[in-house]
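Here is the structure we will look at, set down as structure tokens.
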Amino acid sequence: MPQRSENIEKICILGGGTAGWMTAAALSHKLKGLPIRIELVESDEIGTVGVGEATLPLIRNFNEALNIDEATFMRETEATFKLGIEFCNWGRSGDRYIHPFGDYGRPIDGLPFYQAWLRLRQLGDTSRLDEYAYSIIAAEHARFQRPSADHTAIDGGFGYAYQFDSSRYAQFLRRYAEARGVIRTEGKVAETQCDSESGFVRSLTLGNGKTAAADLFIDCSGFRGVLIEQALKTGYDDWSHWLPCNRAIAVPCESRGVFAPLTRATAREAGWQWRIPLQHRVGNGHVYCSSFISDDEATTQLLENLESPALAAPRQLFFTTGRRRKFWNRNVVAIGLSAGFLEPLESTSIHLIQEGITELLQLFPDKSFSTLDADEYNARMGLAFERVRDFLLLHYVANQREQGDLWLHFQNLKLPDSLDEKIKAWMTRGHIIAYQFGTFLPPSWLAVFLGQNLVPRGYDPRVRKIDDDQLRTEARRLRDAVQAAVERTPEHADFIRQVGAGSGSAPIMAGMI
Ligand SMILES: Cc1cc2nc3c(=O)[nH]c(=O)nc-3n(C[C@H](O)[C@H](O)[C@H](O)COP(=O)(O)OP(=O)(O)OC[C@H]3O[C@@H](n4cnc5c(N)ncnc54)[C@H](O)[C@@H]3O)c2cc1C
């Protein structure tokens with residue numbers, strides 16, 4: 001009698017948004033050669049959220065792991081390069097800073113450069129820390145090139161990401177996944193069949209009469225959470241008391257040559273507005289809290305602040321910030337919006353999709369579905385969500401704005417302990433508690449702390465061992481090196497054309513932000 005295989009033989013991915021097709025593409029590539037069939041079910045009638053255009057540097061690892069050619073990907077998705085995020089009006093009205101995907105200066109005697117800068121500042125030096133960050137100065141001049149191969153060079157060792165058309169990315173990955181054997185089934189789930197004893201999901205019945213059975217189900221059905229919530233009733237931790245924004249209006253507008261490699265987030269009266277430049281258009285949106293502004297006012301504020309005519313009618317989106325209590329429950333793993341949602345202030349959702357896929361591949365189950373694997377997955381993803389939440393919250397609580405009920409609300413908020421400790425360590429002597437896991441490394445925290453006027457009282461005492469004149473000389477040398485490197489850097493738009501990444505569908509003009 002043939003032995004029953006314990007290996008997973010069939011995977012069903014429910015949902016064909018960014019999460020569904022990223023998962024399908026990654027699994028079809030990484031599980032290639034194994035006798036595992038992958039089916040993706042999606043409903044044309046329901047469609048996708050259709051936003052999600054700004055990313056973090058690790059997306060490059062995802063594309064590289066799938067052997068996706070960068071220039072082809074950029075042409076197909078109308079992508080631009082991204083060196084960081086520009087924040088306007090966050091500390092106080094009129095403030096502006098960039099969170100770069102790279103470090104400031106270079107370590108001096110094993111200490112991060114910013115510690116030397118804090119000392120110089122106390123000695124009366126007036127240079128901005130930004131002047132030591134190649135990525136910031138290059139972005140401010142709308143210039144871009146890939147990092148130098150020499151990681152220790154002033155223009156080496158920085159990260160970059162992309163801004164792209166998310167629907168085109170999903171379609172691009174769909175072609176990739178289908179070419180590697182993924183079967184797409186169109187239809188809307190009408191019923192989910194679960195095992196009466198174990199509660200495991202066994203199959204889906206679609207409205208058109210088709211069925212999809214599998215050993216492992218990946219729920220990429222978006223905010224609905226068709227399997228993880230509607231079928232398994234997993235529960236959701238609502239984080240609205242920390243991050244109360246709950247709605248967004250999105251609208252694209254014409255590209256008019258404003259083309260710096262940056263996403264912009266501008267604080268508004270009851271939320272903030274994003275601006276994401278792509279090759280063929282600019283994506284815009286207003287994220288806001290409905291307790292502090294009406295939908296009509298939020299829409300008007302967005303439309304009044306567009307730089308060019310809108311290309312479509314504004315679309316409204318509703319969300320509740322938080323995370324699913326378990327990301328992996330029984331034989332269902334939730335990836336994407338079904339796993340949870342944190343507002344797109346630091347472009348983290350697609351990154352969390354990528355983390356979900358990576359962890360799933362590392363802990364890939366067999367049919368016995370060990371609870372140890374699920375527990376480990378849930379612990380890792382829980383930490384990833386919490387640390388992003390703390391980082392987002394920092395932007396709100398470190399505000400000194402004098403108006404706007406939303407902003408005043410944050411000035412008196414009781415913080416999660418994890419964030420409270422991080423801020424206290426920073427404020428005493430500029431120490432940034434580094435996490436073993438977590439998306440954002442110390443330079444990112446540094447950018448937001450200083451960008452929002454949280455200047456520490458002291459600095460690392462070891463800096464005093466370095467001669468003050470030596471510090472000044474080194475600082476000047478670094479500033480000059482940054483300037484010289486930026487002057488050698490091509491315009492962002494020219495670089496896109498040079499590397500063959502331009503779509504050619506729209507003229508690209510360079511310009512300052
Ligand atoms: C306002 C806003 C701005 C954002 N900006 C960014 C950003 O800049 N950067 C970033 O990284 N992320 C951003 N995100 C998040 C990003 O959009 C999502 O993470 C990403 O699009 C993934 O969505 P998804 O695939 O999980 O869900 P969806 O796009 O909603 O896809 C769900 C899929 O499930 C299918 N489905 C649902 N129910 C059923 C059913 N019953 N039967 C069959 N199929 C079904 C749908 O047809 C669809 O194919 C933003 C999100 C919002 C709300």
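First listed ligand is number 1; within each ligand, the first listed atom is number 1.
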Over-ring placement of R180 relative to Y176, 6.0 Å and 45° cut-offs: yes
query: Taking the six-membered ring of W242 as reference, does the NZ or CZ atom of R389 fall below 6.0 Å from its centre and within a 45° cone about the axis?
result: yes
Side-chain donor/acceptor pairs under 3.5 Å, residues 56-65, sequence neighbours excluded:
residue : atom : partner : partner atom : Å
R60     : NH1  : Y160    : O            : 3.4
N63     : OD1  : Y169    : OH           : 3.0

- request: Please check if any side-chain donor atom of T321 sits under 3.5 Å from a side-chain acceptor atom of E343, or the reverse.
  value: no
- request: State whether a side-chain donor-acceptor pair under 3.5 Å links S240 with D238.
  value: yes
field: Residue contacts for ligand 1, heavy atom to ligand atom, distance under 4.0 Å
entry: L14, G15, G16, G17, T18, A19, E42, S43, I46, G47, T48, V49, V51, G52, E53, A54, G187, K188, V189, C220, S221, G222, R224, V226, A248, W274, L317, G336, L337, F341, P344, S347, S349, I350, I353
Nearest atoms (heavy-atom pairs only) where Q301 meets H286: OE1-CE1, 3.3 Å
